[in-house]
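Here is the structure we will look at.
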Amino acid sequence: MRTITTIAELRREVAAVRERHGSTGPGAGDPVVGLVPTMGYLHEGHLALVDRIRELVPFVVMSLFVNPTQFGEGEDFEAYPRDLSRDMELAEQRGVHVLFTPSVAEVYPAGRPLVRVVPGPLADVLCGAFRPGHFEGVLTVVAKLFGMTQPDVAVFGQKDYQQVALIRRMARDLDMPVRIEVVPTVRDYDGLALSSRNAYLTEVERVRARTLSAGLFAARAAFAEGEAAADRLKGCAVITMAEAAVNPEYLELLDPDTLAPLAEARAGAVLAVAATVGATRLIDNVIL
Ligand code: AMP
């Protein structure tokens with residue numbers, strides 16, 4: 001594995017790989033280059049993305065960049081967990097070919113870019129409603145990473161459901177020649193969705209955090225038994241979370257593509273939740 005910190009070096013490396021594979025560019029012919037964007041502090045969720053992309057392409061670039069423009073004021077940009085040497089080891093073990101770890105100055109040489117990606121109405125709901133500017137920051141940096149790497153395929157986790165819905169939409173609406181691949185959420189032994197932010201949880205909070213997934217699973221079980229009313233399904237989840245004094249910031253049943261709220265559940269609908277446990281904001285979702 002090579003660790004690369006500059007855009008110029010990344011471009012050279014990708015060009016050489018394309019030449020070796022007789023590839024003329026992204027989206028043309030067999031896929032060659034895959035991109036796994038992350039903010040680092042790697043866990044099995046990130047590594048499942050690597051496993052998936054290795055099935056699709058011979059060359060894997062993982063980016064590791066804690067993107068300041070997607071953090072709001074008072075959010076955890078400074079405190080976000082970082083451990084580069086551990087990440088390098090895990091990425092290499094899992095078969096990443098290039099670990100791209102640019103500095104903030106490399107990605108934003110003139111500060112926040114003047115031209116940015118407007119996420120549109122899909123960002124008005126769920127996390128977007130509580131984190132103004134977050135998805136503009138996410139889409140802008142993902143568009144930049146696509147521009148730097150020019151991957152044939154990029155892979156994202158279902159755990160960040162709204163994020164991947166927006167990235168799919170961006171790639172489609174802006175004709176980006178990249179296939180977007182989604183990997184199901186990887187969970188801890190007790191159901192908690194893996195997240196770098198789980199590192200913030202105290203032992204007691206970690207036990208309480210379990211009720212996010214337990215609540216979603218309770219609602220999913222009720223749906224499987226025939227319950228379809230959104231209010232009652234949400235009720236199942238809320239009761240489970242309330243047992244650990246967890247109050248959702250939002251809990252929504254949504255159309256999987258438009259993210260419009262649903263009054264009646266149907267197969268494929270998404271039940272998504274965000275809640276703060278202690279000082280840690282957690283999100284999770286299940287597909288019914
Ligand atoms: P992050 O480093 O948190 O920005 O996440 C980088 C990528 O990993 C995103 O596409 C996430 O959706 C994905 N990811 C994070 N946690 C999980 C998980 N538990 N299971 C699957 N993918 C995940």
Side-chain angles (χ1 to χ4, degrees), residues 34-56 60-72 75-77 79-84 86-88 90-91 94 96 99-102 104 107 126-128 131 134-146 149 151 153-171 178-201 206 209-210 212-213 216-217 256 270 272-274 280-287:
L35 175 65
V36 185
T38 81
M39 298 204 299
Y41 210 69
L42 301 179
H43 51 64
E44 277 300 314
H46 298 116
L47 298 171
L49 306 185
V50 176
D51 293 345
R52 176 66 187 129
I53 210 154
R54 288 191 63 197
E55 297 172 353
L56 304 174
V60 178
V61 179
M62 174 185 271
S63 61
L64 200 158
F65 180 62
V66 184
N67 174 39
T69 69
Q70 72 190 65
F71 289 79
E75 290 188 0
D76 56 343
F77 173 68
Y80 197 83
R82 293 160 168 93
D83 189 342
L84 181 57
R86 183 170 162 276
D87 287 350
M88 285 168 69
L90 290 172
R94 216 55 171 241
V96 169
L99 190 65
F100 178 51
T101 62
V104 171
V107 176
L126 305 178
C127 290
R131 303 185 69 189
H134 170 66
F135 286 115
E136 180 186 283
V138 169
L139 293 188
T140 302
V141 82
V142 170
K144 283 167 70 68
L145 290 166
F146 286 176
T149 316
V153 187
V155 66
F156 297 88
Q158 183 202 310
K159 202 211 116 197
D160 299 274
Y161 193 91
Q162 186 176 22
Q163 166 172 286
V164 78
L166 277 157
I167 289 168
R168 271 186 195 290
R169 196 66 213 212
M170 171 177 76
V178 56
R179 164 175 162 192
I180 305 299
E181 187 67 20
V182 183
V183 168
T185 303
V186 178
R187 300 179 177 282
D188 215 339
Y189 65 95
D190 59 353
L192 178 69
L194 294 183
S195 164
S196 307
R197 289 192 169 99
N198 292 352
Y200 296 144
L201 298 169
R206 174 67 188 71
R210 209 197 124 255
L212 266 82
S213 56
L216 296 178
F217 296 164
V270 184
V273 68
T280 307
R281 187 176 182 279
L282 300 172
I283 60 171
D284 198 355
N285 67 82
V286 290
I287 298 178

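Predicted, not measured: the structure shown is a model, and the values here were computed from it. Note that the numbering runs from 1 along the sequence shown for the chain. Note that ligands are numbered from 1 as they come in the structure, with each ligand's atoms numbered from 1 the same way. Side chains included, hydrogens not; waters and symmetry mates left out as well; all remaining heavy atoms used.
Contact annotation: the side chain of Leu282 approaches that of Asn198 to within less than 4.5 Å [non-hydrogen atoms, C-beta and beyond]. At a threshold of 4.5 Å between non-hydrogen side-chain atoms, the residues Leu194 and Leu192 do not count as touching.
Contact annotation: for Val164 versus ligand 1, there are no heavy atoms closer than 4.0 Å. Using a 4.0 Å cut-off between heavy atoms, Ala48 makes no contact with ligand 1 at all.
For ligand 1, none of its N or O atoms has an N or O atom of Val155 under 3.5 Å away. Polar contact with ligand 1: absent for Ser195 (N/O pair, distance under 3.5 Å). By the 3.5 Å distance cut-off applied to N or O atoms, Phe156 is not counted among the residues near ligand 1. At under 3.5 Å, a nitrogen or oxygen of Leu194, whether backbone or side chain, sits near a nitrogen or oxygen of ligand 1. Every N/O-N/O distance between Gln158 and ligand 1 stays at or above 3.5 Å. On a distance-only criterion, Val186 and ligand 1 share at least one N/O pair closer than 3.5 Å.
Using a 4.0 Å cut-off to heavy atoms of Thr185, the atoms of ligand 1 that qualify are 19 (N), 20 (N), 21 (C). Here is the list of ligand 1 atoms found below 4.0 Å of a heavy atom in Met39: 1 (P), 2 (O), 4 (O). In summary, the atoms of ligand 1 found under 4.0 Å from a heavy atom of Pro37, numbered by their order in the structure, are 6 (C), 7 (C). The contact set between ligand 1 and Pro184, taken as ligand atoms under 4.0 Å from a residue heavy atom, comprises 21 (C).
In this structure, Asp284 pairs ionically with Arg187, as a charged nitrogen and a carboxylate oxygen lie closer than 4.0 Å. A salt bridge links Glu75 with Arg131: the distance from a Lys NZ or Arg NE/NH1/NH2 to an Asp or Glu carboxylate oxygen falls below 4.0 Å. Comment: Arg197 engages Asp76 in a salt bridge, judged by a side-chain N to carboxylate O separation of less than 4.0 angstrom.
When only non-hydrogen protein atoms are considered, atom 10 (O) of ligand 1 lies nearest to Gly157 N, 2.9 Å. The closest protein non-hydrogen atom to atom 17 (C) of ligand 1 is His43 CE1, 3.7 Å. The protein non-hydrogen atom at the shortest distance from atom 1 (P) of ligand 1 is His46 NE2, 3.6 Å.
In terms of modelled atom types and a separation under 3.5 Å, the side chain of Asp87 and the main chain of Gly40 share no donor-acceptor contact. Between the side chain of Asn285 and the backbone N or O of Gln158, at least one donor-acceptor pair lies under 3.5 Å. Between the side chain of Ser213 and the backbone N or O of Arg210, at least one donor-acceptor pair lies under 3.5 Å.
Of all the listed residues (Leu42, Asp160, Leu64, Asp188), Asp160 holds the heavy atom that lies closest to atom 14 (N) of ligand 1.
Going from atom CZ of Phe100 over to atom CE of Met62 covers 14.0 Å, rounded to the nearest 0.5 Å.
Cation-pi contact between Arg52 and Phe156: absent, since separation from the ring centre below 6.0 Å together with deviation from the ring axis within 45° is not met.
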